[in-house]
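Here's the structure, in structure tokens; my notes come after.
Below, each value reflects all heavy atoms present in this structure, side chains not excepted, and no hydrogens, waters or symmetry copies. In what follows, chains are A, B, ... by sequence order, proteins preceding strands, each numbered from 1.
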There are 2 protein chains.
Amino acid sequence: MSGSWRSFGDEPLPAPLAAALSAFAEQGYHGTSIRRIAEKAHLSVPGLYHHYPSKQALLEGLVTTVMQELLDRSGQAVEEAGPSAQRRFDHVVECLLRFHMHRRRQAFIASTEIRSMKPEVRDSYIALRDEQQRMLDRIVEQGVAEGVFATAYPLDASRAVTTMCVAVATWFRPDGELGPDQVVERYLSLARATVRAGSA
Amino acid sequence: MSGSWRSFGDEPLPAPLAAALSAFAEQGYHGTSIRRIAEKAHLSVPGLYHHYPSKQALLEGLVTTVMQELLDRSGQAVEEAGPSAQRRFDHVVECLLRFHMHRRRQAFIASTEIRSMKPEVRDSYIALRDEQQRMLDRIVEQGVAEGVFATAYPLDASRAVTTMCVAVATWFRPDGELGPDQVVERYLSLARATVRAGSA
DNA sequence: GGATACCGACCGACCGCTCGGTCTGTACCG
DNA sequence: CGGTACAGACCGAGCGGTCGGTCGGTATCC
């Protein structure tokens with residue numbers, strides 16, 4: 001379906017994951033006790049462990065699904081954009097921005113709790129994250145090769161653009177003064193400038 | 001002294017702070033036990049408490065000094081730049097970049113452990129951080145007013161530039177393939193592009 | 001009656017922190 | 001110059017409490 005990467009019907013997380021999400025976002029992984037998560041999920045501690053085998057499994061359940069979703073949406077966004085580097089770039093950046101506004105807490109946890117992941121969880125997360133970065137890298141390189149982007153440092157610019165999009169998750173608030181569409185407009189303009197896109 | 005904001009003679013931290021720094025950087029605040037810090041400092045637990053009254057005091061000792069130092073250096077950098085918005089911008093960005101390479105672990109902890117700070121520590125840290133942001137905000141606004149920066153969104157561009165400079169602390173490695181001077185050259189170019197500075 | 005969904009009670013380990021000391025100086029007194 | 005007084009630096013042992021996780025159940029549904 002066209003543009004489906006743009007829409008976020010808020011399918012609810014299972015109660016234990018939703019509880020872990022809000023607790024981790026507030027206190028961090030190590031700062032959150034399993035009892036606090038159980039309490040937020042309206043469950044006893046053994047009740048919680050009936051659904052998830054460990055605290056680490058809760059973190060894993062949050063971060064692997066979220067990165068996979070981002071990757072899927074980005075793939076759709078690029079595919080829909082067609083061959084133009086400019087359009088591909090715009091679509092991926094918009095996708096990154098919308099994702100980090102609508103999934104802000106999951107994305108925030110995934111990027112800040114890397115240290116708390118056990119090696120296998122961390123490795124698979126980083127692999128997905130690198131794949132996401134390379135997707136944008138290739139687009140910027142394509143744009144530079146075609147002469148539509150004029151940056152002298154394509155890979156650094158690509159990383160910088162990703163960084164500023166990801167950082168949106170740290171300050172965006174649904175009830176803030178800027179709505180998602182305004183943020184997309186502004187940050188798309190900034191991202192284009194960073195790679196020195198031809199248009200204004 | 002001219003350019004003193006550029007030079008980082010590595011004055012060593014007191015042993016307990018150095019130990020806390022490396023432990024917090026590896027495991028995070030809540031993921032680090034006081035015993036682990038004591039071990040790294042070659043001290044017993046009571047020996048550690050002889051120097052610092054609490055675990056929180058170690059965190060405070062790391063984050064308040066580091067933000068104050070950044071603010072001091074930025075002030076010097078701006079002052080040395082004179083009245084030109086372009087030169088002021090360049091100096092502050094270079095200062096941010098060099099700081100986040102040379103003080104990367106302190107800066108990383110300060111920005112990632114905000115949740116772990118007790119309210120008074122957090123409040124004073126955030127006040128310093130905001131002051132740093134406003135310093136760059138005013139420069140970008142000045143540049144836009146004078147017509148040397150063409151960005152349509154000065155405050156968003158200013159935040160984006162800060163974000164990409166701060167993020168350098170998360171990936172820069174002293175033994176990496178890019179040295180500090182190269183990073184400054186590249187990111188200064190990116191930062192100028194982001195605010196649409198007149199020069200190439 | 002088996003599977004699913006839970007819970008009260010509990011476990012060993014570890015948490016941040018403190019108690020009651022022991023050292024090694026160093027300063028001053030006679 | 002020996003002796004006393006004191007302070008800073010440090011530690012073994014252990015405090016009350018919380019941690020992640022588990023055991024042995026019960027209630028409910030198909």
> Rounding to a whole Å, what distance do you find between K55(A):NZ and dT22(D):P?
Replying inline: 14 Å
>> Whole angstroms only, please: what is the OH-C1' distance between Y49(A) and dC7(C)?
In response: 15 Å
> To the nearest angstrom, how far is H50(B) atom NE2 from dA7(D) atom P?
Replying inline: 13 Å
>> Rounded to whole Å, please give me the gap between CD in Q56(A) and P in dG20(D).
In response: 12 Å
>> Once rounded to the nearest 0.5 Å, what's the spacing between atom CD of E185(B) and atom CD of Q182(B)?
In response: 7.5 Å
>> Once you apply a heavy-atom cut-off of 4.0 Å, does S44(A) come out as touching a base, just sugar-phosphate, or nothing?
In response: base
> Between dA9(C), dC17(C), dC10(D), which nucleotide gets closest to the side-chain atoms of S54(B)?
Replying inline: dC17(C)
> Among L70(A), L71(A), D123(A), which one satisfies side-chain contact (heavy atoms from CB on, under 4.5 Å) with L128(A)?
Replying inline: L71(A)
> So which nucleotide from dC6(C), dT22(D), dC19(C) ends up closest to the side chain of V45(A)?
Replying inline: dT22(D)
> Can you tell me how far C1' of dC11(D) sits from NE2 of H51(B), to the nearest Å?
Replying inline: 12 Å
>> Using modelled atom types and a 3.5 Å cut-off, is there a donor and acceptor pairing between side-chain atoms of R73(B) and backbone atoms of W5(B)?
In response: yes
> What orientation do Y187(A) and W171(A) show, parallel under 30°, tilted 30 to 60°, or perpendicular over 60°?
Replying inline: tilted
> OH of Y52(B) versus P of dT18(C): gap in Å, rounded?
Replying inline: 17 Å
>> Measuring to OP1 and OP2 of dT18(D), would you say a side-chain N or O of S33(A) lies under 4.0 angstrom away?
In response: no
> Within this structure, what is the CD1-to-P distance between I34(A) and dC15(C), rounded to whole angstrom?
Replying inline: 17 Å
> For H30(A) and dC19(D), is the shortest distance between a side-chain N/O and OP1 or OP2 below 4.0 Å?
Replying inline: no
> Expressed in angstrom and rounded to an integer, what is the separation of E39(B) atom CD from dC14(C) atom P?
Replying inline: 13 Å
> Base, sugar-phosphate alone, or nothing: which one does L48(B) contact when heavy atoms must sit under 4.0 Å apart?
Replying inline: nothing
>> Looking only at the side chains, is there a donor atom on one of T32(B) and Q27(B) sitting less than 3.5 Å from an acceptor on the other?
In response: no
>> As a test of reading the structure: which of dT22(D), dC10(C), dC6(C) is closest to the side chain of R35(A), going by heavy atoms?
In response: dC10(C)
